[in-house]
Amino acid sequence: MTIETLNEPTSRIVNVAGLDINIRESGEGKPLVILHRSTGYLEWDSFANKLSESFHVIYPDLPGFGNSERPDWARESRDLSIVMVELFKVLDIKDITLVGLGLGGFIAAELATMNQERLSNIVLISPAGIKPDEGEILDQMLIEHADYIRHGLADPSHFENKFGDEVHPDIQDIWEFSRIMTARISWSPYMFNRRLPHLLNIITVPTLIIFGNSDTVIPYTVGQQFINNLSNGQLKVIDGGGHLIEWEMPDKISELIVGHSS
Amino acid sequence: MLIGRFTERPYQDPSSGYFGATGRSIQDLSISNGEYDPRLGSELYNRYLDEQVAAEEAGFDAIMLNEHHSTPFCMGGTVNTEAAILARITDKVKIVINGNVLPIWDDPLWLAEELATIDMISKGRLVTGWVRGTGRESVAHNAPPPFNWERFQEAHDFIIKAWTTPGPFRWEGEHYDFRYVNPWMRPYQNPHPQIMIPGVVSKNTVKWSAEHRYPYLMLATRLEPTKASFDYYREVAHESGYEAGPQHLGYLFKVHVDETEELAYETGKKFLDGPGNIFLEGSRGTASPVLQNLPGLTDRKNLLPTGEVGFVAASRGRSAADVARDNNSEKPDSRNVRAAQTQATLADYDTQLENYTIISGTPKTVIPKIRHVLETLRPGTIFFWDGDGAMTHDDSMRSLRLMGSDVIPAVKEMAKELDLPGSFEIDTQTNEPYNSTPAIAEVAGGGA
């Protein structure tokens with residue numbers, strides 16, 4: 001077994017739409033922007049690291065998460081999408097591969113319906129954003145957050161492998177803090193926008209949707225709902241994959257992204 | 001002094017298995033209403049209304065109702081309906097709603113209309129209390145927790161304006177928009193019913209109450225931390241340019257009176273049985289840490305001394321370790337919100353009798369204990385919390401009779417001797433005595 005060499009990112013604050021936004025960067029090549037999950041950015045993990053071997057990875061804290069300033073005025077995911085569109089302008093990046101995870105996938109989809117000029121590819125990984133035709137999105141507000149994370153894993157032992165027997169208070173702080181912004185923009189309706197499906201056909205940029213068919217947070221059939229509305233979409237269902245699929249299968253998911261964007 | 005009576009109106013179902021003996025969990029929001037029996041509900045609503053009428057007949061100055069949602073410990077989900085009925089079937093008691101949960105109203109104009117209607121039907125006897133609610137209330141009516149405190153304040157400002165400013169006017173705030181505010185009803189009292197703010201742990205709420213000169217009512221908290229919290233009210237009052245007196249302070253505590261000491265001891269135990277309020281000391285139910293830690297609902301670092309008492313902290317979702325950690329932490333408040341893992345350590349019945357959390361006895365033994373409470377806290381408003389838990393109608397009625405014959409007259413004398421004026425004797429806004437009773441609209445020339 002080889003030990004992975006981490007390309008530790010550098011961080012900086014950029015001012016976007018009057019907000020201080022924290023971004024991390026690592027790697028060289030075409031830009032790839034990752035929008036994190038509702039749990040917030042936890043660490044430079046194997047998934048981000050693998051992508052940084054092929055791309056100039058930019059991994060921001062979404063507004064109101066992590067070290068990015070909270071927009072008190074924001075009330076829905078779309079508000080964060082607008083700020084992200086502006087971030088791309090401020091960074092002056094083009095031909096972006098936009099990767100959205102969970103809530104970040106929701107925000108990425110909203111973003112692309114508004115302005116896709118700087119995007120060359122989109123990859124949405126177990127994205128929220130559409131009300132499931134079948135089943136429901138698991139409500140993180142009514143369960144312990146550690147249990148919510150466990151629900152995201154196809155293999156429960158991965159939780160202990162990552163966090164040990166007791167989750168470090170710093171991680172709990174990030175989760176608790178992230179939940180506040182998640183609630184501010186997605187308390188109701190929870191994790192979807194009824195208007196989004198009607199606008200997805202605007203997106204012409206090639207869009208890859210990835211779901212694991214063992215996802216117990218968002219029914220994986222939502223992937224097909226995205227495809228039914230996108231004009232240039234492709235669905236990849238991973239057998240046995242859970243919700244936090246990029247965490248459990250970093251090699252496979254990063255390879256799919258590299259393949260989709262080349 | 002204003003002396004009132006309170007019960008949570010528990011949904012008492014002896015066949016449910018919620019009662020302590022079976023050990024069945026009544027953790028928050030864990031019971032399906034598929035088990036709710038409307039016929040039993042009907043009996044209980046009518047019983048509690050009858051007991052409120054009996055409380056008026058016994059000589060109480062006020063009857064107090066509260067509001068919770070989706071829980072068996074309190075049947076007051078539509079408390080304004082109960083208040084409206086009481087407005088018609090009672091004659092002289094103040095009807096105190098402590099309190100409507102402001103942030104869960106998406107349409108606070110509707111609340112302003114209901115309360116004004118109750119005030120008119122009661123001919124000016126409504127006292128309106130407003131609260132932020134617990135996590136249960138936010139979930140049950142799907143109100144966004146991060147905006148709870150902002151919505152509370154805006155709904156308050158809006159209702160006051162709707163009551164006091166001739167319409168029509170437009171309201172465009174941060175959380176509420178109304179294009180036409182002109183309710184065809186106005187409160188009977190001028191300018192509006194007295195506002196009382198109940199609370200347990202939030203320092204923000206005490207500060208806000210003191211800044212608005214509203215009477216602040218502490219709900220069944222222990223004596224020493226309650227006293228410290230009242231000191232905080234006085235401190236804020238002083239900073240705001242006035243001195244807070246007994247008229248600004250209220251206290252709710254459990255008092256049961258019975259015919260013999262033995263009967264009182266046994267009946268008092270029933271406070272701890274049945275589906276009692278999980279937030280208050282002695283309850284056998286448990287709060288859900290998840291519900292109490294809804295994102296952004298409360299500022300857990302900004303707590304009153306009452307919030308540091310173990311069971312309150314635990315029922316609010318904080319462990320003793322959290323309390324210690326928060327107190328030593330230099331991190332921003334929002335980073336300190338954390339689910340507690342520990343359960344409340346509940347004081348047993350005898351301990352509660354010793355520390356005045358429960359007072360139960362004959363008038364002879366109860367009256368000196370009430371005196372101790374009044375001397376310690378110096379409130380101008382008190383509510384006796386009785387007829388709760390697993391207490392029966394007979395239990396309630398025995399206590400009400402003895403309250404009327406012995407306890408209330410003695411406490412009224414005591415209040416005079418200790419100089420404890422209530423909020424209907426001294427105007428909390430001006431600290432001046434009322435000439436008679438607070439103004440009502442017709443006296444003040446209603447069209448003003």
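Because the structure is a prediction, the values reported are computed rather than measured. Letters A, B, ... are given to chains in the order of the sequence lines, protein chains preceding strands, and every chain is numbered from 1.
Applying the ring pair (Phe, Tyr, Trp, His ring centres under 6.0 Å) criterion to A:Phe163, with sequence neighbours excluded, gives A:Phe159, A:Trp175, A:Trp247.
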For A:Leu142 and B:Leu291, what are the C-alpha separation, side-chain angles and deciding distance, and is it a side chain to side chain contact (heavy atoms under 4.5 Å, CB included)? CA-CA 7 Å; A:Leu142 294 185; B:Leu291 287 181; 4.0 Å; yes
Give the C-alpha distance, both sets of side-chain angles, the deciding distance and a yes or no for side chain to side chain contact (heavy atoms under 4.5 Å, CB included) between B:Phe147 and A:Arg184. CA-CA 8 Å; B:Phe147 304 115; A:Arg184 290 176 77 96; 3.4 Å; yes
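With contacts defined as side-chain heavy-atom distances shorter than 4.5 Å, the pair A:Glu176/B:Pro295 does not qualify.
One distance of note links NE2 of A:His145 with CG of B:Asn293; it measures 12.5 Å at 0.5 Å rounding. For the atom pair A:Arg75 CZ and B:Glu174 CD, the distance stands at 5.0 Å (nearest 0.5 Å). The CG atom of A:Asp72 sits 7.5 Å away from the CD atom of B:Glu150 when rounded to the nearest 0.5 Å.
A:Trp187 places a side-chain N or O within 3.5 Å of a backbone atom of B:Asn142 that can act as its donor or acceptor partner.
Around atom CD of B:Glu172, more than 12 heavy atoms belonging to other residues, nucleotides or ligands sit under 6.0 Å away. Annotation for A:Glu134: atom CD does not count as buried by contact number, only 12 or fewer foreign heavy atoms lying within 6.0 Å. Taking a 6.0 Å sphere around NZ of A:Lys131, one finds it holds 12 or fewer heavy atoms contributed by other residues, nucleotides or ligands. Heavy atoms from other residues, nucleotides or ligands lying under 6.0 Å from OH of A:Tyr220 number 12 at most.
Within residues 8-22 of chain A, no residue approaches chain B closer than 4.5 Å by heavy atoms.
Contact between B:Leu294 and A:Arg179 at its shortest, heavy atoms only, is CA-NH2, 4.5 Å.
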